[in-house]
Trainee: 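This is the structure I want to talk about, given as structure tokens.
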Protein chains: 2
Amino acid sequence: MVSPKQDPPSAEGLNSVEAEFVAFFVQMATALSLPRSVGEIFGYLFCADEPKPFDEVVSRLGISKGSASQGLKFLLSMGAISTVYVPRDRRTFYEAETKMRKLFSRALQESVRPHLEANGRLIDAIEEHIDRSQDHESLEEHYRARAASLKGWNDKALQLLPLLDKLISVPVPSFPFKFFGGDSSGENGKPKTPPAKPGKP
Amino acid sequence: MVSPKQDPPSAEGLNSVEAEFVAFFVQMATALSLPRSVGEIFGYLFCADEPKPFDEVVSRLGISKGSASQGLKFLLSMGAISTVYVPRDRRTFYEAETKMRKLFSRALQESVRPHLEANGRLIDAIEEHIDRSQDHESLEEHYRARAASLKGWNDKALQLLPLLDKLISVPVPSFPFKFFGGDSSGENGKPKTPPAKPGKP
DNA sequence: TCCAGAGTTCAATATATTTTGAACCAAATA
DNA sequence: TATTTGGTTCAAAATATATTGAACTCTGGA
């Protein structure tokens, strides 16, 4: 399905393994309706063994500086990547967050929760409209019931968020019958040594 | 923020409560990156007290027949609405699924699971590429590790699906320390009586 | 101070998605 | 059989989104 071996050694274009990782995250991005370029960038950084500088993202992926800049900014804002400072190199290096738990957790907090909270406010608005308007006669009760159902589910979702957060850090094959136990795949306090001058051979 | 009272009695346009429900689901649809029209249609049907026919969806929402047809088809395919047969009326009537649990459950099965399964196949493809290609020297081990991490998380997600499904049917305020208990908000075997000739006054 | 490199911004362009509406089909009715 | 009604299809138009690339800013030398 994909062509033979022979990986271009570096510098321009991706080797076949990188290309597959990138394809994976492009598909992921598509599923989440994010731009392709975001998937490409994350995929490239995810499979890299060292932090990579801006210009390498641009040249290896063959995308424009503009796209790279915007995509990196977005990924930073999501907490999906972070910058790495490399002494004696003016460029900023980027590395992917590879702890999926963190990614997921953060998405829950930064994307899902705000949406649910906004929903809550919209539901309040609905209820106010039901109060304010007459000539619904028999419908008024029905409207109230529907609004209440919406509110119930929204609240439920909000309450489930922290539980979900706990759930994903439980080692799966043993189903979680006690929740607040330790996290198996926990943090390692590695002091984040910058790599020994990577990139630009 | 929204203008006074005085609801247009019917026939054309929405009353102010309907308008708010529709706005809510439009925002919901946007969050899920679905077309506005899908949100409008679902919102209209969700707040209706009886099943509504195609032509009313069109005229009340002021969208084209094409949009309505496609949106309804989509919502049917998601199981978010269903058709209702009304004797002595050629039109098909639609009603929203108001049991959120069903909606959610179904989305998990029909949308999330297939994506995860596709991901699994893509990860296999990555691993095959790692096998096939040489000249990665020291990188090969790193690639394998990254691929393994991906596979691990994907499998975990797949395993969590049924648990999630259970979770949402648990009454929330009492946290779930036993999972396989009964479902409080369970099915009611109502025999689905068609409404007494609604619509078209 | 000037220059070169790194990166950002943003208007223009390219792409993708939604919506419309006219043409069409099929079933019920005249 | 012809007509009307209910609804679908699909190509074209309208909108929305992503990408590019040229102009720009900023910083660190020389």
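Lettering follows sequence order; numbering is per chain, from 1.
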Trainee: Nearest nucleotide by nearest heavy atom, which residue falls closer to the 5' end of DNA chain D, Leu34(A) or Gly66(A)?
Mentor: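 Taking each residue's closest nucleotide, the earlier one in sequence belongs to Leu34(A).
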Trainee: Do His115(A) side-chain atoms and Ser111(A) backbone N/O form a donor-acceptor pair below 3.5 Å?
Mentor: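 Here the side-chain-to-backbone pair exists.
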Trainee: If we ignore hydrogens and angles and just use 3.5 Å, is the side chain of Thr30(A) paired with the main-chain N or O of Val26(A) as donor and acceptor?
Mentor: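 Checking the backbone N and O of Val26(A) against the side chain of Thr30(A), a donor-acceptor pair under 3.5 Å is found.
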Trainee: Within less than 4.0 Å of OP1 or OP2 of dT9(D), is there a side-chain N or O belonging to Lys73(B)?
Mentor: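 Affirmative; the distance criterion is met.
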Trainee: From dA18(D), dT8(C), dT18(C), pick the nucleotide closest to the side chain of Pro35(B)?
Mentor: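 Output: dT18(C).
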Trainee: Whole angstrom is fine here: how far is it from OH in Tyr85(B) over to P in dG6(D)?
Mentor: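 Tyr85(B) atom OH is separated from dG6(D) atom P by 15 Å.
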Trainee: Write down the distance between CG (Leu72(B)) and C1' (dG6(D)), rounded to a whole number of angstrom.
Mentor: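 Value for this atom pair: 13 Å.
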Trainee: When you check the phosphate oxygens OP1 and OP2 of dT19(D), does a side-chain N or O of Ser64(A) lie under 4.0 Å from one of them?
Mentor: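 Negative; the distance criterion is not met.
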Trainee: In this structure, how many angstroms lie between the P atom of dG7(D) and the OH atom of Tyr94(B), rounded?
Mentor: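 Distance, rounded to whole Å: 6 Å.
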Trainee: Taking the side chain of Arg91(B) as heavy atoms from C-beta outward, which of dT20(D), dG6(D), dT8(C) is closest to it?
Mentor: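 Nearest to the side-chain atoms of Arg91(B), counting from C-beta on, is dG6(D).
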Trainee: Does a side-chain N or O from Ser37(B) land closer than 4.0 Å to OP1 or OP2 of dT19(C), or not?
Mentor: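 It does, given that an N or O in the side chain of Ser37(B) lies less than 4.0 Å from OP1 or OP2 of dT19(C).
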Trainee: From C-beta outward on Arg90(B), which listed nucleotide comes closest to its side chain: dA27(C), dT19(D), dT8(D)?
Mentor: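 Shortest atom-to-atom distance from the side chain points to dA27(C).
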Trainee: Please state how far atom CZ in Phe54(A) lies from atom P in dT9(C), giving the value in whole angstrom units.
Mentor: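 Going from Phe54(A) (CZ) to dT9(C) (P), I get 11 Å.
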Trainee: Respond yes when some side-chain nitrogen or oxygen of Thr92(B) is under 4.0 Å from OP1 or OP2 of dG7(D), and no when none is.
Mentor: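 Yes, such a contact exists.
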Trainee: Let me know the distance between CG of Leu75(B) and C1' of dG7(D), rounded to the nearest Å.
Mentor: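 Leu75(B) atom CG is separated from dG7(D) atom C1' by 16 Å.
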Trainee: In this structure, how many angstroms lie between the P atom of dT20(D) and the CZ atom of Arg36(A), rounded?
Mentor: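 About 11 Å, once rounded to whole Å.
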Trainee: Whole angstrom is fine here: how far is it from NZ in Lys65(B) over to C1' in dT9(D)?
Mentor: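 Those two atoms, NZ and C1', are 11 Å apart.
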Trainee: A side-chain contact here means heavy atoms from C-beta on lying under 4.5 Å apart; do Arg91(B) and Val86(B) qualify?
Mentor: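 No; the side chains remain at least 4.5 Å from each other.
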Trainee: Nearest of dT8(C), dT19(C), dT20(D) to any side-chain atom of Gln70(B)?
Mentor: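 From the listed options, dT19(C) comes nearest.
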Trainee: Just how far, in rounded Å, is P of dG21(D) from CG of Asp55(A)?
Mentor: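 About 17 Å, once rounded to whole Å.
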Trainee: Using the ring of each side chain (for Trp, its six-membered ring), is Phe25(A) parallel, tilted or perpendicular to Phe42(A), with breaks at 30° and 60°?
Mentor: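 It falls in the perpendicular class, over 60°.
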Trainee: Does the side chain of Phe21(A) come within less than 4.5 Å of Leu150(B)'s, by heavy atoms?
Mentor: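 Yes. Closest side-chain heavy atoms under 4.5 Å.
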